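Below is one structure, written out as structure tokens; the observations come after it.
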Amino acid sequence: AQSVTQPDIHITVSEGASLELRCNYSYGATPYLFWYVQSPGQGLQLLLKYFSGDTLVQGIKGFEAEFKRSQSSFNLRKPSVHWSDAAEYFCAVDSNQAGTALIFGKGTTLSVSS
Amino acid sequence: GAVVSQHPSRVICKSGTSVKIECRSLDFQATTMFWYRQFPKQSLMLMATSNEGSKATYEQGVEKDKFLINHASLTLSTLTVTSAHPEDSSFYICSARDLSSLAGSKTQYFGPGTRLLVL
């Protein structure tokens with residue numbers, strides 16, 4: 001069965017510092033991988049996605065993620081965090097079958113200190 | 001990109017009443033939609049898969065008689081919370097795939113969510 005693990009429940013980063021949020025997945029084949037961000041009381045916004053090809057994917061708001069098959073990881077990074085990046089971040093995996101839903105990790109709460 | 005809307009965005013109801021939440025794909029047809037539930041400070045949990053023209057498929061532990069799903073058209077799925085109780089208070093989010101294109105079919109588009117508060 002597919003699963004997604006986000007090891008860090010809560011991370012605090014200073015504004016301007018770099019960020020890496022970890023995501024590990026479990027899936028038999030090559031999955032489709034996603035990162036979403038959710039601000040308090042809001043819906044989900046897609047940051048980036050990986051389907052195939054270049055393992056380093058660029059997303060919106062200056063985020064990027066790298067797919068590492070050997071480590072079953074899809075970590076999210078940003079070189080310089082802004083206070084507005086404080087939010088909940090979810091990693092998700094998709095089996096790429098039309099009738100299946102995304103499986104989400106438990107999320108990582110990002111706090112940004114000044 | 002494709003747009004999914006939900007209505008209402010927020011609803012407050014009395015215990016024992018029923019609440020209907022609509023999920024619409026605005027610019028594409030969705031044969032399959034998904035309903036998720038999110039409790040405060042928790043992740044999204046899949047409740048059910050809504051299939052146009054057929055019965056929904058519910059995840060283990062989700063009461064099908066309490067959470068009625070109807071997918072009557074290719075652009076509309078509804079979730080009705082019957083006889084709502086305070087423990088049903090949650091954030092309900094729907095999503096859909098655009099199967100008309102290869103690129104679209106790989107991505108699920110999420111609605112903005114509906115916050116339900118049962119008093």
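Note that this is a predicted model, so its numbers are computed, not measured.
- Hydrophobic clustering, with ILVMFWY side chains joined whenever heavy atoms are under 4.5 angstrom apart, groups A/Tyr27 together with A/Tyr50.
- Between B/Leu44 and A/Lys106, every side-chain heavy-atom pair lies at or beyond the 4.5 Å cut-off.
- With B/Tyr36 contributing its side chain and A/Leu102 its backbone, the two residues share a donor-acceptor pair below 3.5 Å.
- For A/His82, the NE2 atom counts as densely surrounded, since its 6.0 Å shell holds more than 12 non-hydrogen atoms of other residues, nucleotides or ligands.
- Taking each heavy atom of B/Phe91 and A/Gln38 in turn, the nearest pair found is CE2-NE2, 3.7 Å.
- The environment of B/Arg10 atom CZ is sparse: at most 12 non-hydrogen atoms of other residues, nucleotides or ligands sit within 6.0 angstrom.
- For the atom pair B/Gln108 CD and A/Leu46 CG, the distance stands at 11.0 Å (nearest 0.5 Å).
- Interface remark: B/Gln6 contributes no atoms to any contact with chain A (heavy atom separation under 4.5 Å).
- Residue-environment remark: CD1 (A/Ile9) stays at or below the threshold of 12 foreign heavy atoms within 6.0 Å.
- The main-chain N or O of A/Gly105 is found under 3.5 Å from a side-chain atom of B/Ser43 such that the two form a donor-acceptor pair.
- Other residues, nucleotides and ligands contribute more than 12 heavy atoms inside 6.0 Å of the NZ atom of B/Lys66.
- Ring pair A/Phe90/B/Phe110: centre-to-centre distance not below 6.0 Å.
- Contacts between A/Gln42 and chain B at a heavy-atom distance below 4.5 Å involve the backbone alone (N, CA, C, O).
- Residues B/Val118 and B/Met47 are members of one and the same hydrophobic cluster, defined by side-chain heavy-atom contacts under 4.5 angstrom among Ile, Leu, Val, Met, Phe, Trp and Tyr.
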